[in-house]
Amino acid sequence: MSLRERRIVILGAGGHGRGVADIFTLSGWRVDGFLADAKDGLVAGLPVLGPLARAFEAGFLDGRAAIVALGDNGKRALISRALLDRGVALATAIQPSAVVAGDAVIGAATMVGAGAILGVGARVGRFCIVNTAASVDHDCVLEEGAFVAPGVRLCGGVRLGEGAFVGAGAVILPGVTVGAGTRIPAGSVVSGSRF
Ligand SMILES: CC(C)(COP(=O)(O)OP(=O)(O)OC[C@H]1O[C@@H](n2cnc3c(N)ncnc32)[C@H](O)[C@@H]1OP(=O)(O)O)[C@@H](O)C(=O)NCCC(=O)NCCS
């Protein structure tokens with residue numbers, strides 16, 4: 001598929017979806033609209049083009065990219081993988097004010113929010129969220145579908161397993177591994193080698 005026009009459809013039209021749409025608009029993409037269940041009309045001035053399932057209708061996404069902007073880690077990863085299986089191009093959303101080290105790696109369909117920081121050697125997998133003003137320090141690894149909420153501090157060498165969730169403002173001390181699917185409450189301080 002040619003993405004020369006840089007057109008995109010956003011799956012999800014909640015607060016996260018609107019934030020992702022804003023990133024693509026700021027980055028010079030044409031946002032064609034949202035797909036969302038139980039919503040219609042306009043969201044943030046952009047049309048709701050149908051339910052999420054429309055993304056799987058033959059030809060619907062031809063000529064445009066997509067991103068799944070759902071806060072639920074499981075659903076985001078599941079739908080993203082299904083779209084990739086069908087050959088859909090998934091785009092990555094990096095807010096222009098994020099600070100990303102030169103050698104940091106960011107996977108497809110991941111969102112990095114306003115004021116977020118990715119340190120040297122950070123590796124963020126596919127379908128992740130690094131939300132507003134979160135910092136992911138040197139050599140951290142985020143496996144697929146991990147979610148780092150606003151204001152989180154991941155110290156150096158932290159590893160988040162697949163689909164792990166770190167609540168707003170939590171601090172994870174250096175070298176800690178957070179297991180797949182684990183939820184860390186907002187405001188926590190996590191120490192020790194494994195949570
Ligand atoms: C830890 C968490 C998952 C618990 O959710 P839950 O099991 O549904 O718990 P509840 O909301 O029913 O709260 C139970 C009690 O714990 C308190 N509580 C919940 N989370 C807390 C937290 N992180 N720190 C301190 N107290 C907390 C609630 O106020 C409530 O207290 P109460 O019984 O005196 O009213 C959730 O509160 C949390 O921290 N979520 C993170 C939210 C976030 O960061 N979102 C970012 C989106 S971008």
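Atoms considered below: every heavy atom in the structure, side chains included; atoms not considered: hydrogens, waters and symmetry mates. Whatever order the structure lists them in is the order used to number ligands and atoms, beginning at 1.
Around CZ of R123, the count of heavy atoms belonging to other residues, nucleotides or ligands within 6.0 Å does not exceed 12.
By the salt bridge (charged side-chain N to carboxylate O under 4.0 Å, His left out) test, R159 pairs with E143, sequence neighbours left out.
Exactly one of V100, L142, I117, V112 qualifies for a side-chain contact (heavy atoms from CB on, under 4.5 Å) with V136. That residue is L142.
Here ring-ring contact (aromatic ring centres under 6.0 Å, His included) pairs that include residues 79-133, with residues two or more places apart or in two chains, number zero. Screening residues 136-186 for ring-ring contact (aromatic ring centres under 6.0 Å, His included) gives F147-F165 as the qualifying pairs, with residues at least two apart or on separate chains.
Contact annotation: the side chain of L49 never approaches that of R54 to less than 4.5 Å [non-hydrogen atoms, C-beta and beyond].
Closer than 4.0 angstrom to ligand 1 sit non-hydrogen atoms from N131, F147, A149, P150, F165, G167, A168, R183, P185, A186.
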